[in-house]
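Here is the structure we will look at.
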Amino acid sequence: MTLSEILNLLLGGGLVALLVALITLRATVRKANAEAEKAKADAEKAKADAETVRITNTENATRILVQNIVKPLKEELNATREDLQATKREMASTKREMARLRKAVESASGCPHADGCPVLYKLRDNAKEQGEPGVGACDGSDDGTARHGGNRNKADPDGECSAVPG
């Protein structure tokens, strides 16, 4: 091959076509990369939008849950607590009153008028009706005939039932 053939080959259509092909290929690769980047950005934007929708839905669900379930439950809990406090106060008051009554009943047997006391008679009578052992009849031998102003228990002629623990 001579120099003129080499130059003809180089400067002919082959080299120019090769250069044009390389430039065109480079531009095509750049365009493809740009489109891939755009598609990637679009996909990331779609993911971000989906995440935003998910967060919004979660916030709405949480708000609805709080409004429809948590707030009414809190209100009911507070009302129940108030009722419980009122019941505790009432129970304490009742307990104090019961203690006062118990103290009064226990001290009544030492009263000089205990033999004819209608309150003590009624307490003994009610205890017998309810079947409470040891209350109303000191030794359990009272058959119910001993009434106010009537016959007393023969085992306890004073009517004090001192043998029965209070």
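Atom set for the values below is all heavy atoms of this structure, side chains included, hydrogens, waters and symmetry mates excluded. The structure presented is a predicted model; accordingly, all values stated were derived computationally and were not measured. Numbering of residues begins at 1 and proceeds along the displayed sequence.
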Those residues that, when tested against E51, pass side chain to side chain donor-acceptor pair (under 3.5 Å) (two or more places apart):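 Residues passing side chain to side chain donor-acceptor pair (under 3.5 Å) with E51: R54.
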Sequence neighbours excluded, which residues qualify as side chain to side chain donor-acceptor pair (under 3.5 Å) partners of R30?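 So R30 forms no side chain to side chain donor-acceptor pair (under 3.5 Å) with any residue.
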The complete set of side-chain hydrogen bond (donor to acceptor under 3.5 Å, both in side chains) pairs with one or both residues in residues 78-87, sequence neighbours excluded, reads none
Who clusters with I69? Use side-chain heavy atoms, under 4.5 angstrom, across I, L, V, M, F, W and Y, and order the result by chain and number. L65, L73
Applying side chain to side chain contact (heavy atoms under 4.5 Å, CB included), can you list everything that pairs with T24, at least two apart in sequence or on another chain?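 For T24 the side chain to side chain contact (heavy atoms under 4.5 Å, CB included) partners, ignoring immediate neighbours, are V20, T28.
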With sequence neighbours left out, the residues meeting side chain to side chain contact (heavy atoms under 4.5 Å, CB included) with N60 are T56, R63
Give the minimum heavy-atom separation between V105 and L120, together with the two atoms involved.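 For V105 and L120, the tightest heavy-atom pair comes out as O-CD2, 4.4 Å.
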When rounded to the nearest 0.5 angstrom, what is the spacing between OG1 in T52 and NZ in K45?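 That separation rounds to 10.0 Å.
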Let me check something: any side-chain donor-acceptor pairs from residues 88-95 under 3.5 Å, sequence neighbours excluded? List them with distances.
from : atom 1 : to  : atom 2 : distance (Å)
T94  : OG1    : E90 : O      : 2.8

Test salt bridge (Lys or Arg N to Asp or Glu O under 4.0 Å) applied to E97 - qualifying residues, sequence neighbours left out: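 Listed in chain order: R100.
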